[in-house]
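Scope of the values below: all heavy atoms of this structure, side chains included, with no hydrogens, waters or symmetry mates. Positions are given from 1, in the same order as the sequence printed here.
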Amino acid sequence: MKITVVGAGAVGASCAEYIAIKNFASEVVLVDIKEGYAEGKAMDLMQTASLNGFDTKITGTTGDYAKTAGSDVVVITSGIPRKPGMTREELIGINAGIVKSVASSLIEHSPNTIVIVVSNPMDTMTYLVHKTTGLPKNRIIGMGGALDSARFKYRLAEALEAPISDVDGMVIGGHSDTGMVPITRLATRNSVPVSKFISEERLSQVAEDTKVGGATLTKLLGTSAWYAPGAAVSALAQAIACDQKKMFPCSALLEGEYGLKDICIGVPVILGANGIEKIVEIELSEAEKAKMKESAQGVSATNSLLEV
Ligand SMILES: NC(=O)c1ccc[n+]([C@@H]2O[C@H](COP(=O)([O-])OP(=O)(O)OC[C@H]3O[C@@H](n4cnc5c(N)ncnc54)[C@H](O)[C@@H]3O)[C@@H](O)[C@H]2O)c1
Ligand SMILES: O=C(O)C[C@H](O)C(=O)O
């Protein structure tokens, strides 16, 4: 399994590190536009191999896409991150051009690859990759919901004073400060609805804290997060590499599912060797449907800014 990660910055390097530590890929190629940067990150990471016990070969290149040829999975993290006070949507002006050109270089050398889109605004960048590459929809996956759900579980565990391994929950909808839809109704602690343990008010607070998870970290760090994003990407890549048939909320192209069309937005999907093997349609409450519709309107408004 050969995986290319474009963008050797905070998220790209974290993602490469987690992929290597989990030891499921034979090769990871890091690509960056900054001279020597990907090569340096790759060398630094390779010098952790004997310490961390992995055999994955990590190499770096400054923009030589020939070295990415034959990648089974490619991850696009190239682009700028937001600064405190910004929304993800404000990044579209710079990131759309970067994602479009990177996607076409990747596909030229790996026509059969599966693409994981990370750069923000992620749902719109995923849609852009669909519009500009014409790859089948199962092979384009936006990473957002896996991260947002991990943050939801973190906040749930905090509120319940429970270990994170005890809780389960999922976030669907757009990967934005206002568009995420944490499904609080279905969140559980060991199969017991979390509403048995915490008040409705506390649960609403958990949902609100989850939605601004990225903004909270951006304020603390001065730039956006990378450890959990890198771990989330590595989990998606592993599900594909190992044909796990695992369910994650991912940004997928919808053609009528959830009453939505011509949009990429977070919904539960089954990930396996063919990428998105199935979109899972769960029964939403009327309130959840309304939130999903509002979220989709937000994503569509951002999509309309694209020049495709
Ligand atoms: N979807 C998510 O859940 C999620 C999570 C975290 C970050 N992000 C997004 O991921 C992106 C990267 O974040 P980061 O913190 O790693 O930023 P970063 O600045 O640390 O790294 C980005 C890297 O991309 C490189 N780059 C820019 N243009 C390029 C090009 N044309 N070709 C190759 N490389 C190029 C830069 O040189 C830089 O090294 C941002 O857009 C951020 O908003 C998304
Ligand atoms: O918050 C951001 O801008 C980065 C990313 O989308 C995240 O959720 O961490």
Side-chain angles (χ1 to χ4, degrees), residues 5 7 10-12 14-15 18 73 75-82 86-92 95-96 99 114-130 137 140-155 169-183 207 209-218 224-237 239-240 246-254 257-258 260 263-271 275-276 279-280 291-292 294-303:
V5 180
V11 177
S14 162
C15 163
Y18 285 120
V73 174
V75 181
I76 303 179
T77 78
S78 45
I80 55 163
R82 63 173 158 168
M86 289 174 77
T87 65
R88 297 177 180 88
E89 289 73 15
E90 286 175 68
L91 306 173
I92 190 173
N95 287 356
V99 169
I114 292 173
V115 185
I116 300 178
V117 183
V118 181
S119 310
N120 274 316
M122 181 278 297
D123 297 290
T124 296
M125 294 303 102
T126 307
Y127 183 75
L128 176 67
V129 173
H130 272 288
K137 64 177 190 159
I140 303 177
I141 303 159
M143 192 295 287
L147 170 64
D148 302 332
S149 301
R151 288 180 176 152
F152 185 31
K153 289 177 227 180
Y154 164 78
R155 289 297 185 189
M170 181 167 65
V171 179
I172 61 172
H175 180 63
S176 69
D177 296 339
T178 53
M180 286 176 211
V181 185
I183 309 291
D209 290 345
T210 300
K211 287 164 71 177
V212 295
T216 302
L217 284 162
T218 302
S224 55
W226 56 88
Y227 293 119
V233 175
S234 74
L236 303 193
I240 297 164
K246 261 177 95 84
M247 186 163 91
F248 292 96
C250 291
S251 193
L253 184 72
L254 300 187
E257 299 91 345
Y258 291 90
L260 300 169
I263 189 170
C264 293
I265 194 164
V267 292
V269 305
I270 303 299
L271 284 190
I276 296 177
I279 291 175
V280 180
K291 284 183 190 161
M292 193 66 178
E294 198 182 322
S295 180
Q297 282 164 350
V299 172
S300 293
T302 310
N303 290 352

Any chance you could measure [X], atom [atom1], to [Y], atom [atom2], to the nearest 0.5 Å?
X: S295; Y: I263; atom1: OG; atom2: CD1; result: 7.5 Å
X: E89; Y: T302; atom1: CD; atom2: OG1; result: 4.5 Å
X: L128; Y: N95; atom1: CG; atom2: CG; result: 10.5 Å
X: M180; Y: L147; atom1: CE; atom2: CG; result: 7.5 Å
X: L236; Y: M143; atom1: CG; atom2: CE; result: 7.0 Å
X: F152; Y: D209; atom1: CZ; atom2: CG; result: 11.0 Å

*Count the heavy atoms of every other residue, nucleotide or ligand shown that sit under 6.0 Å from NZ of K291, and state whether that count exceeds 12.*
no
*Other residues, nucleotides, ligands: >12 heavy atoms within 6.0 Å of K246 NZ*: no
Any non-hydrogen side-chain atom of [X] less than 4.5 Å from a side-chain atom of [Y]?
X: L253; Y: I140; result: no
X: C250; Y: L271; result: yes
X: I141; Y: V115; result: no
X: I92; Y: M125; result: yes
X: I265; Y: M292; result: yes

Return the minimal non-hydrogen interatomic distance between [X] and [Y], and the atom names on each side.
X: V181; Y: G173; value: CG2-CA, 4.3 Å
X: G266; Y: I172; value: O-CB, 3.4 Å
X: A231; Y: Y18; value: N-CD1, 3.4 Å
X: I80; Y: L91; value: O-CD1, 3.4 Å
X: I276; Y: A252; value: CD1-CB, 3.7 Å
X: C15; Y: V75; value: SG-CG1, 4.4 Å

Within the distance-only criterion (no hydrogens, no angle test), does the side chain of [X] pair as donor or acceptor with the backbone N or O of [Y] below 3.5 angstrom?
X: S224; Y: T218; result: no
X: T77; Y: G7; result: yes
X: S300; Y: A296; result: yes

*Mind checking what makes side chain to side chain contact (heavy atoms under 4.5 Å, CB included) contact with E90, not counting sequence neighbours?*
M86, T87
Which side-chain N or O atoms in residues 116-123 pair as donor and acceptor under 3.5 Å with protein atoms at least two apart or in another chain?
residue	atom	partner	partner atom	Å
S119	OG	I76	O	3.3
S119	OG	S78	N	3.4
S119	OG	S78	O	2.6
N120	OD1	M122	N	3.0
D123	OD1	S251	OG	2.7
D123	OD2	H175	N	2.7

_Tell me every residue that passes salt bridge (charged side-chain N to carboxylate O under 4.0 Å, His left out) with R151, counting only those two or more places apart in sequence or in another chain._
none
